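Input: a single structure, listed below in structure tokens.
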Amino acid sequence: MSSKPHATVERLDVVRAEIEQAARTAGREPTAVTLVAITKTFGAEHILPVLEFGHRVFGENRVQEARAKWPALRARFPDIELHLVGPLQSNKAREAVALFDVIHTVDRGKIAAVLAEEMAKLGRRPRLLVEINTGAEPQKAGVLPEAADAFLTECHASHGLVIEGLMCIPPLDEPPAPHFALTAKIAKRNGLSILSMGMSADFSTAVAFGATHVRIGTAIFDARS
Ligand SMILES: *Cc1c(COP(=O)(O)O)cnc(C)c1O
């Protein structure tokens, strides 16, 4: 059973307070951290109370699910900012460019090329982040840390893309801090200002390491079925 909508808004408020606290503890401005509420698997009945509460920044991990859910919500709340946080296939690139305001998961030349093409065609420029596979996990998407600098150069030089930041998902069975630190280090030496890191279990740590965007699902919407 999923919980009642008002409980969702209460949890969102708790998470916001925790982010603010983590930012202050780290000597950072709370407004420097954007909460991306991850709504995958949750329907409009869960999302609407959060929208009515005033939250506008959301994330999905699948293009198809986003397409089914968000156009109707956007018709009612035009200032929604939608983030793609899941892996992107090249045959979904056009739709991703049309739907999303920020894409966190640029991770290979082919995707960079197709995104550049679709962005030119559609005249839409979602903000782009490169995903780093900090744990070098074979099953996980993302560029290996040692290949990151060259890939960032390739995105710009070969595809004309402006990459604004990095995203990472630390391995489940490891402390996240070294992964956040590594991502922040790669961003810094490449002059990138956006750091998408931190989920329900580790967002306070991520904020301490400089996260500008935390991606939080279960701590707000409760367990996914
Ligand atoms: C689902 C998801 C999240 C949110 O995870 P929670 O643990 O539910 O907060 C964050 N980032 C990505 C890429 C996800 O797929």
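Bear in mind that the values here come from a model prediction, so they are computed numbers and not experimental data. In listed order, ligands and their atoms are each counted from 1.
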Per-atom contacts, ligand 1 versus Ile216 - under 4.0 Å to a heavy atom: 9 (O)

Ligand 1 versus Lys40: contacting region, heavy-atom distance under 4.0 Å: side chain

Closest protein heavy atom to atom 13 (C) of ligand 1, given as residue, atom name and distance to 0.1 Å: Val85 O, 3.2 Å

Flag, side chain of Asp202 to backbone of Thr205, donor-acceptor distance under 3.5 Å: no

Chi angles and distances behind the side-chain hydrogen bond (donor to acceptor under 3.5 Å, both in side chains) call for Glu174, His179: CA-CA 9 Å; Glu174 288 180 30; His179 297 275; 2.7 Å; yes

Geometric N/O contact Asn61 with ligand 1, under 3.5 angstrom: no

Protein heavy-atom partner closest to atom 11 (N) of ligand 1 - residue, atom, separation in Å: Arg215 NE, 2.9 Å

Chi angles and distances behind the side-chain hydrogen bond (donor to acceptor under 3.5 Å, both in side chains) call for Glu81, His83: CA-CA 7 Å; Glu81 181 181 298; His83 293 237; 2.7 Å; yes

Distance filter under 4.0 Å to Gly217 heavy atoms, resulting ligand 1 atoms: 4 (C), 6 (P), 8 (O), 9 (O)

Within-shell test, His104 vs ligand 1, heavy atom, strictly < 4.0 Å: no

Atoms of ligand 1 close to Ile169 [distance to a heavy atom under 4.0 angstrom, numbered from 1]: 13 (C)

Nearest neighbour in protein (non-hydrogen) for atom 5 (O) of ligand 1: Met199 CE, 3.4 Å

From CA spacing to verdict: side chain to side chain contact (heavy atoms under 4.5 Å, CB included), Arg74, Asp79: CA-CA 7 Å; Arg74 256 200 180 131; Asp79 54 342; over 6 Å; no

Side-chain donor/acceptor of His55 to backbone N/O of Leu35, under 3.5 Å: yes

Close-contact set for ligand 1 against Arg224 heavy atoms, below 4.0 Å: 1 (C), 8 (O)

Charged N-O contact under 4.0 Å between Glu60 and Lys69: yes

Protein residue, atom and distance nearest to atom 6 (P) of ligand 1, heavy-atom basis: Ser200 OG, 3.5 Å

Partner of Asp101 under salt bridge (charged side-chain N to carboxylate O under 4.0 Å, His left out), chosen from Arg127, Arg124, Arg56: Arg124

